[in-house]
Amino acid sequence: MSLLTVNELTKRYDDKLAVDHINIQFDPGKCVALIGPNGAGKTTTLRMLSGLIKPTSGKVSFEGMGQHDDIRRLIGYLPQYPIFHTWMTGKEFLIYVGRLAFLSKEEATKRTNELLKLVGLEDAVNKRIGKYSGGMKQRLGIAQAIIHHPKILMLDEPVASLDPIGRRDVLSLLETLKQEMTILFSTHILSDADEVSDELLLLHDGKIVESGSMDDLRQKYQTSEIELAFQDDPVTY
Ligand code: ATP
């Protein structure tokens, strides 16, 4: 059974059709990149999938279950601009988030220690988040998003605002995490998608216009330096 099935999902804001009848099926264990230019509908799609906003129409189901509060625990979500309590240390923050996720004090502390190691922040446990680099903050955000052991992790433009070192660290963390969970992340940069994803979904003007592996797309478009033709509005990456 698919982990996540999306049927004709649509979001309209007044006269703007932000997401237009998209259909997606995710198999467990895949790392999928949702790629598209600014305004394509990536954030709106991820917000609907994670249950943060309601679709205008269409349906999302996880392992055959409809979207209701219970399935929130299956999903980890990192927004494009995560908010941290910057006066806290990374360790204090994760324990606090763990408690909010209904872990006992002991469980929250144990999970925090595991996660700090997993995301490579064990040397910064006692440093205030306000002093973290952009890449460190994103890795802490990822730890926060998976504190409750979700089955799928969704990340909105996780490397968009990072310098090359932060970007490399976050992409290599995703490479590690994809061994353990299904990942869906958005990006507008093809090389980021190519680096870690098994499959790409190309979103343009609210519609999925192509899907497949990078190799599939290369064959289809027969270019080495990929130039993806987005229907009548070509976009070069
Ligand atoms: P970006 O990379 O710039 O964040 P995106 O691919 O994530 O773009 P969305 O943020 O999902 O795209 O926006 C899709 C379209 O919907 C855009 O035209 C945007 O202006 C519009 N939109 C998004 N949120 C709202 C809102 N709350 N009210 C009205 N229009 C919105």
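Remember, it's a predicted structure, so these values are computed and weren't measured experimentally. Computed over heavy atoms, backbone and side chain alike; hydrogens, waters and symmetry mates excluded. All ligand and atom numbering here is 1-based and tracks the order in the structure.
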Give me the nearest non-hydrogen protein atom to [atom] as residue plus atom name, then the distance to 0.1 Å.
| atom | result |
| --- | --- |
| atom 16 (O) of ligand 1 | A18 CB, 3.3 Å |
| atom 14 (C) of ligand 1 | G39 O, 3.4 Å |
| atom 12 (O) of ligand 1 | G41 N, 3.1 Å |
| atom 9 (P) of ligand 1 | T44 OG1, 3.6 Å |
| atom 27 (N) of ligand 1 | Y13 CE2, 3.5 Å |
| atom 2 (O) of ligand 1 | K42 NZ, 3.0 Å |
| atom 10 (O) of ligand 1 | T43 CB, 3.7 Å |

Could you establish whether [X] and ligand 1 come within less than 4.0 Å of each other, counting only heavy atoms on the residue side?
| X | result |
| --- | --- |
| G36 | no |
| E157 | yes |
| H188 | no |

Response to the item:
A student checking ligand 1 against K16 at a 4.0 Å heavy-atom cut-off should list atoms 15 (C), 18 (O)
Worksheet entry | NZ (K151) with more than 12 external heavy atoms under 6.0 Å | no
Discussion item. Would you say OH of Y13 has more than 12 non-hydrogen atoms from neighbouring residues, nucleotides or ligands within 6.0 angstrom?
Written reply: yes
Is the shortest side-chain N to carboxylate O distance from [X] to [Y] below 4.0 Å?
| X | Y | value |
| --- | --- | --- |
| D163 | R168 | no |
| R111 | E114 | yes |
| D156 | R47 | no |

Response to the item:
Tested for side-chain contact (heavy atoms from CB on, under 4.5 Å) against K11, the lone hit among L17, V19, T45 is V19
Worksheet entry | Structural part of P37 in contact with ligand 1, heavy atom criterion under 4.0 angstrom | backbone
Discussion item. When you measure from the side chain of R12 to the backbone of T56, do you find a donor-acceptor pair of N or O atoms at a distance under 3.5 Å?
Written reply: no
Worksheet item: For D194 and S191, does a side-chain donor sit closer than 3.5 Å to a side-chain acceptor?
Response: no
Practice prompt. May I ask you to check whether N38 has an N/O atom sitting below 3.5 Å from an N/O atom of ligand 1?
Written response: yes
Discussion item. Could you report the tightest heavy-atom contact between G206 and L203, atom names first, then the distance?
Written reply: C-CD1, 4.0 Å
Worksheet item: Can you find a protein heavy atom closer to atom 20 (O) of ligand 1 than 4.0 Å?
Response: no
